[in-house]
Amino acid sequence: MGGLECERDVDLSIVAGTEHDGGVPAGAALLAFVDAAMTCDPNQTADVRAGLQAKLSDVAVVDAAAVAAMFQLNTRAADAAGIAIEAATLEGRSQLGDRFGMAQRADGRAP
């Protein structure tokens with residue numbers, strides 16, 4: 001057996017705006033859920049969660065929340081374990097932190 005081959009095109013335009021669904025069922029609702037979860041605004045999150053639940057199901061909402069939580073966990077676990085971070089990633093984190101008014105962290109670790 002050879003390596004994994006993928007003949008499907010992937011629509012990366014989704015990262016550039018909010019007018020796409022990524023080509024997945026309820027993709028726009030899933031993106032809205034992620035955006036709302038990142039706001040830490042319980043009112044916005046509740047409204048978007050209800051919309052996702054209406055489009056998909058209770059199980060889909062739980063799955064979406066679990067995926068978002070795993071991304072947070074993986075980043076924090078890697079930071080806590082002291083895994084080396086590439087220079088480009090450090091620079092990107094610092095630039096993003098600057099945009100949000102956070103001080104640069106020399107080691108690039110998440111707060």
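Within the hydrophobic cluster formed by Ile, Leu, Val, Met, Phe, Trp and Tyr side chains joined at under 4.5 Å, directly or through other members, L73 is accompanied by M70. Members clustered with V67: F71, by chain and number, using a 4.5 Å side-chain heavy-atom cutoff among hydrophobic residues.
For Q44, the side-chain contact (heavy atoms from CB on, under 4.5 Å) test picks out A36, T39, D41, V48, with sequence neighbours left out. With sequence neighbours excluded, the residues satisfying side-chain contact (heavy atoms from CB on, under 4.5 Å) with A64 are L30, F33, L52.
The side chain to side chain donor-acceptor pair (under 3.5 Å) pairs that include a residue from residues 48-65 are Q53-D58, where partners are two or more places apart or lie in different chains. Among residues at least two apart or in separate chains, there is no side chain to side chain donor-acceptor pair (under 3.5 Å) pair with a member in residues 22-34.
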